[in-house]
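As structure tokens, the structure follows; a few thoughts come after it.
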Amino acid sequence: MSAKAKLALAFALTATAGMVQAADLRIGLQEDPDVLDPDQSRTFVGRIVYASLCDKLFDISPDLEIIPMLATEWSWSDDGTELTMSLREGVTFHDGEPFNAEAVVYNINRSQTLEESRRKSEIASITGVEALDDMTVKITVGAPDATLIAQLADRAGMMLSPKAAEEAGADLGLNPVCSGPFKFVERIQQDRIVLEKFAEYYNADAINFDTVTFLPIPDTTVRLANLRSGDIDMLERLAATDVASVRGDSGLKLESATSIGYQGITINVGNGERANNPLGLDSRVRKALSLSIDREALNQVVFEGAFTPGNQHVPPNSPWYDDRFPVEARDIEAAKALLAEAGYADGVTIEMQTANNPVQTQVVQVIQAMAAEAGITIEIAAKEFATMLSEQTAGNYTSTQVGWSGRVDPDGNIHQFVTTGGGLNDAKYSNPEVDRLLNEARASNDTAVRKQAYEAATEILMTDLPLVYLYHPAWIWALDASVEGFVPYPDGMIRLQGVSMTE
Amino acid sequence: MLAFLGRRVLIAIPTIILISIFVFGLQHLLPGDPVLAMAGEERDPAVLEALREKYRLNDPIPVQYATWIGNAMQGDLGTSLRTRQPVLELIGEKLPVTIQLAVMALLMAMLIGIPAGVISAYKKGTWIDWVANVTALSGLSVPNFWLGIMLILLVSVKLGWLPASGYSPFMDDPLTSIRNMLMPAFVLGTGLAGTLMRHTRSAMLGVLRSDYVRTARAKGLAERTVLVKHALRNALVPIVTIISLLFGELLAGAVLTEQIFTIPGFGKLVVDAVFNRDYAVVQGIVLCTGIAFIFMNIFADAAYRVLNPRMRDQ
């Protein structure tokens with residue numbers, strides 16, 4: 001065979017191979033993402049797009065271990081104030097710019113200084129970042145911060161092309177330039193986001209699609225209908241009530257993972273005047289409320305058993321879960337006894353805010369029915385989500401059924417919620433001992449030390465109960481049966497490495 | 001005619017200013033802080049404060065209004081708090097989508113409603129009239145969102161005839177675009193078809209009783225000619241008014257329909273903007289719709305004067 005013929009054959013083979021995998025993966029999203037700039041964005045759904053668009057310094061494994069991504073090796077100095085990282089060689093940004101230590105320095109600075117940046121608090125501990133050589137970076141923190149690497153395994157650690165970011169400034173989100181497996185093609189708001197395979201991606205062999213299209217389809221029924229009719233290939237956040245129907249459909253597949261987030265009841269224990277009620281004043285009443293709830297039944301009734309009942313800030317399958325306090329069984333008698341002990345033998349009436357969507361309303365209605373049997377009358381105040389949050393921040397509430405999408409590091413699930421002055425501490429709970437323990441857990445890189453501190457804090461929180469945890473949602477994905485290789489992650493992201501479609 | 005139009009446009013200006021003040025004020029009375037809505041669950045007090053400063057949400061409301069209206073008069077409606085896209089660009093992107101939906105739905109409504117109204121008036125009291133009335137009533141009473149979901153399940157999932165949702169621009173590929181829009185336009189159109197059928201029927205009944213129809217028949221004209229040329233043509237005048245009024249209903253209906261069929265139009269834009277407290281977008285949209293409505297009205301009045309010579313002297 002002549003060289004020319006060989007070339008032609010090779011070309012033909014590549015062309016056919018290309019045709020076999022000349023595929024577009026269409027993913028149905030529950031919402032339209034917000035601005036596509038990792039430093040400015042805030043939505044969960046936006047992170048799903050980033051998983052294909054922007055590589056991070058670190059990634060996580062399905063069991064929440066930190067694994068290398070753009071940083072290949074790293075180590076902390078003995079005093080825990082210096083983090084030295086070696087970077088991956090041969091990585092380029094979508095605009096052809098090289099990824100190196102200078103790029104990391106630029107990105108950390110941007111996250112810290114861009115006026116619109118939402119990442120400032122996440123990496124507030126960083127006091128300095130410098131390039132030691134072309135492929136080595138040193139980050140200095142003011143005080144030891146065990147949560148930093150987990151932050152850099154999310155949006156704060158996503159690397160943008162310095163050149164593109166410099167040119168676009170705060171408008172980068174209209175045309176994001178990262179180094180992930182896919183590059184940005186176009187976005188039509190509320191309609192689609194199209195990404196195209198990045199040929200120079202360092203792990204391009206693991207990517208089996210030429211393009212990936214994200215389609216925001218808010219209605220769950222319609223999203224599933226689109227999957228069934230073949231208009232999309234997979235969807236995220238299937239409604240728990242549709243699980244059975246998807247399982248019964250041979251053309252579809254179901255995947256799920258217990259999320260790192262939680263849903264619970266935040267109780268106003270010190271946020272202004274409205275904390276002055278039996279629930280806010282007396283932890284025994286809060287304990288009675290908690291005891292009156294059958295978490296397993298709640299899970300069965302509202303979520304067809306697809307979620308995980310819980311009573312702590314992390315789910316029972318997490319390594320950080322405190323086994324000394326398993327999810328309690330319902331105990332109406334004990335609840336009544338506690339109420340009587342607190343001086344409310346005739347029962348109490350409390351108000352509970354909830355987001356006015358069907359699922360959350362149903363959750364609160366089930367709780368209302370259960371609590372009533374213990375003598376706790378719940379008056380439901382259904383509010384539109386933004387209103388509910390602002391009432392909660394302002395202290396204009398007694399209790400709120402609200403959740404948190406969760407963070408890889410346990411600190412992100414608890415510290416801001418219960419420490420004095422914590423940014424998300426709407427309960428205005430304050431206990432110096434809890435503050436001390438959670439600050440200690442945050443400052444140590446030693447897992448054993450951290451675990452001990454969390455356990456001590458959990459013990460106190462289990463008595464004080466400023467938050468009554470209810471359950472941990474599951475991320476549920478429905479896929480066309482032809483989609484292979486999808487791995488569910490507890491962070492709810494869709495990682496396309498290794499995913500393919502058979503004909 | 002020119003003087004008439006000039007007068008109407010002049011009157012429109014204070015109306016538009018009133019609308020803008022009203023919208024601006026009402027929106028700021030709403031509970032729920034835009035910055036908090038933007039932040040969602042990830043609320044960081046320092047970031048929130050910086051954003052409030054940046055978007056000048058700490059200014060007194062009259063000052064905010066003055067800034068906004070001043071910029072608006074220069075064609076700058078601000079940028080979306082949520083996606084950073086300029087509001088004017090967003091509106092320009094979404095408006096054609098909704099117009100296409102509205103036009104197709106209106107065509108559907110007219111194609112169904114007018115003939116049905118004519119026939120049922122003509123066959124008054126027979127079973128045909130009865131069937132038409134019952135159908136019109138069900139068209140009016142079945143909610144759009146329910147009909148939409150049922151149609152998706154039947155036509156897309158079961159039969160696989162049409163895509164379940166989505167949109168493709170008409171200019172790129174007219175056929176695909178129409179296919180995509182067919183179901184939503186049908187859903188939106190059926191509701192209006194009912195109204196249109198009822199009005200056509202009563203207008204036709206009135207006209208059919210009139211002297212000139214009796215005269216036409218007495219002259220021995222074919223029934224078809226009597227019906228279409230003499231009766232329907234005269235009945236159309238009030239129907240045109242109804243159609244121009246239906247336009248408002250159409251825009252309101254589009255909000256729901258676009259939500260169900262995931263059509264990236266004006267309705268979806270406004271719903272999302274309200275829920276996200278994306279002030280700049282809501283204000284921009286309401287201002288534009290307000291202006292559009294006022295001009296629709298002026299246009300309808302002008303058309304009326306053209307159609308009906310008797311109105312010109314009034």
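The sequence lines fix the lettering, A, B, ..., with proteins before strands; numbering per chain opens at 1. Just so you know, these numbers come straight off a predicted model, no measurement behind them.
- Listed by first then second residue, pairs satisfying salt bridge (charged side-chain N to carboxylate O under 4.0 Å, His left out) with a partner in residues 163-190 of chain B number zero, not counting sequence neighbours.
- Scanning all heavy atoms of the two residues, the minimum distance from P264(B) to Q189(A) falls at CB-O, 3.6 Å.
- Atom CZ of F186(B) is surrounded by 12 or fewer heavy atoms from other residues, nucleotides or ligands within 6.0 Å.
- With a 4.5 angstrom heavy-atom cutoff, E31(A) does not touch chain B via any of its atoms.
- For N226(A) against A164(B), the heavy-atom pair with the smallest separation is OD1-CB, 3.5 Å.
- Residue D231(A) holds its CG atom at 6.5 Å from OG of S156(B), rounded to the nearest 0.5 Å.
- Ranked by heavy-atom pairs under 4.5 Å with chain B, the list D219(A), I217(A), D37(A), L36(A) is led by I217(A).
- With a 4.5 angstrom heavy-atom cutoff, A170(A) touches chain B via backbone and side-chain atoms both.
- Taking 4.5 Å as the limit, some side-chain heavy atom of V222(A) sits within range of a side-chain heavy atom of I260(B).
- The candidate with the highest count of non-hydrogen atom pairs below 4.5 Å against chain A, out of I152(B), L269(B), L159(B), T79(B), is L269(B).
- No part of L215(A) comes within reach of chain B, as not one of its non-hydrogen atoms sits under 4.5 angstrom from that chain.
- For R223(A), no part lies near chain B; criterion is any non-hydrogen pair under 4.5 Å.
- Taking 4.5 Å as the heavy-atom cut-off, the residues of residues 83-108 of chain B that approach chain A are T83(B), R84(B), Q85(B), L90(B), E93(B), K94(B), ordered by number.
- Across all non-hydrogen atoms, the minimal contact from T262(B) to P216(A) is CG2-O, 2.7 Å.
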